[in-house]
Number of protein chains: 2
Amino acid sequence: MPRASAADAAETARRVLAVATDLFAERGYAGVALDDVARAARVTRGAVYHHYGSKEGLFLAVADGLQAAVAAHLVAVADDGGPDPRARLRAGSHAFLDAITAPGTARVLLVEAPAVLGWQRWRAQDAEASGVHLTEALADVGVDPALRDALSAQLSGAMNEAALWLAERTDDPAARPAAHAALDRLLDAAVPTP
Amino acid sequence: MPRASAADAAETARRVLAVATDLFAERGYAGVALDDVARAARVTRGAVYHHYGSKEGLFLAVADGLQAAVAAHLVAVADDGGPDPRARLRAGSHAFLDAITAPGTARVLLVEAPAVLGWQRWRAQDAEASGVHLTEALADVGVDPALRDALSAQLSGAMNEAALWLAERTDDPAARPAAHAALDRLLDAAVPTP
DNA sequence: CTCCTTGACGTACGGTGTGTATGTATAACC
DNA sequence: GGTTATACATACACACCGTACGTCAAGGAG
């Protein structure tokens, strides 16, 4: 008995996405069956396939949503970080770290996504969303072009690992300051000291 | 018709492990069925279950083997890196990077393993195999104890990402020197400059 | 040398989960 | 107001994991 208007359909898609985001964050990709998602969203698997095509398609939508949220927060903070490129680099990096440690985000984006989507697809998507800002900031700060890409990748890896490290230490109040302090050291290393 | 002596059994287990290592590296965990492994090793799935208990058990054995190889190479190089702790830190780090970029290693250890085994189990195993050496080296070099763990995690993340970054650039001869140069910058940042 | 226990598999089966084909009623456009 | 397309639900085929069970040789125990 499908009594779905266009608005109802959009609502259904949104509800499925929200439920899937929670479940993937909790149990990981392999740990959740599409029937779990469907039941929690009060539809059947047919609806899920209609809107997202496949389990991988659903996961991709989930990852996209989380990544967009992280990038939005990053850009917002960096934009009022002042004109000094070094300050912008720092502000943006710390903002990234804070955004990606939001409750279910790190696991989906940093652990599941590379395995599910493949590392190269994940890397491309990450680069498009937040990586560009890092690479750009490194350029603004005067990093040797020959090292820029390599350094960008390694700093990105450092921040991602910091996020996962933090996610396991939510009860230790000293962890977050320590992570930010360590990150500052690495960022200072990146900029050619004046 | 099982005519298996003890030596034959060990040979079977070894052959299955070798085949599984190749397949997991090529297609990832989800992309390989146990029947593929069994056929390639000229046995049935029964033999695989007998020796490794489960698909996850088989993957764990594969990951263990690769991680042991990486750690062995790391230790070997670091041990003749001389007595200077800073030189040992550098030598060990570069050795790690070289070892983990061996053909199928990075994907299994850095992309599949965290998702399959769970990040915490993977982290613990990685810390036991190579992480301890990094943390120890940082201590020897005089890193503030409050930052040591955070910095160790972030440097580890940087190296892992460098490895994956390199794995996608096997045809670019400038990539590896750039990765090592960028890594040196981060390592220099870690040691309190005298 | 014989018994018998155990290890090293092979075989058969059930359960779960993905994807696809098909049906259907309502919304949307003409 | 008839037609088409959309938004689902239902049913089915298929793949794959895990487990229960069977089997035959190896390796002592006597």
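Lettering follows sequence order; numbering is per chain, from 1.
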B/D35 CG to D/dG18 C1', in whole Å, measures 14 Å
Starting from P on D/dA7, measure out to CZ on A/R42 and report it in whole angstrom. 19 Å
Between B/H51 and C/dC9, is there a side-chain N or O to OP1/OP2 distance below 4.0 Å? yes
In terms of side-chain heavy atoms of A/A47, which of D/dC8, C/dG10, C/dG19 is nearest? D/dC8
Note: for A/L34 and A/G46 on DNA chain C, the residue whose nearest nucleotide lies more 5' is A/L34
Take the protein atom CZ of A/R27 and the nucleotide atom C1' of C/dG17, then report the distance between them rounded to whole Å. 14 Å
With a 4.0 Å cut-off on heavy atoms, is B/V32 in touch with a base, just the backbone sugar-phosphate, or nothing at all? sugar-phosphate
So, does A/T12 get its side chain near the phosphate of D/dC8, meaning an N or O under 4.0 Å from OP1 or OP2? yes
Do the side chain of A/R45 and the base of C/dG19 come within less than 3.5 angstrom through a donor-acceptor pair of N or O atoms? yes
Nearest listed nucleotide, side chain of A/Y49, among D/dC8, C/dC9, C/dT18: C/dT18
Is the shortest side-chain N to carboxylate O distance from B/R27 to B/D36 below 4.0 Å? yes
Between B/L58 (CG) and D/dC16 (P), how many Å, whole number? 16 Å
For the pair made of OH in A/Y52 and C1' in C/dT18, what is the distance, rounded to whole Å? 18 Å
Between NZ of A/K55 and C1' of C/dG19 the distance, given in whole Å, is 12 Å
Same apolar cluster (I L V M F W Y, side chains within < 4.5 Å links), A/V108/A/L117: yes
Do B/L23 and B/V19 touch side chain to side chain, with heavy atoms closer than 4.5 Å? yes
Check: B/K55 main-chain N/O paired with B/Y49 side-chain donor or acceptor under 3.5 Å: no
Looking at the side chain of A/V43, which of D/dA9, C/dC9, D/dG18 is the nearest nucleotide? D/dA9
Nearest-Å distance for atom pair CD/P, residues B/E11 and C/dA8: 14 Å
Counting only side-chain heavy atoms from C-beta out, which of D/dC8, D/dC17, C/dG19 sits nearest to A/H50? D/dC8
Is the backbone of B/R86 close enough, under 3.5 Å, to the side chain of B/R90 for a donor and an acceptor to pair up by distance? no
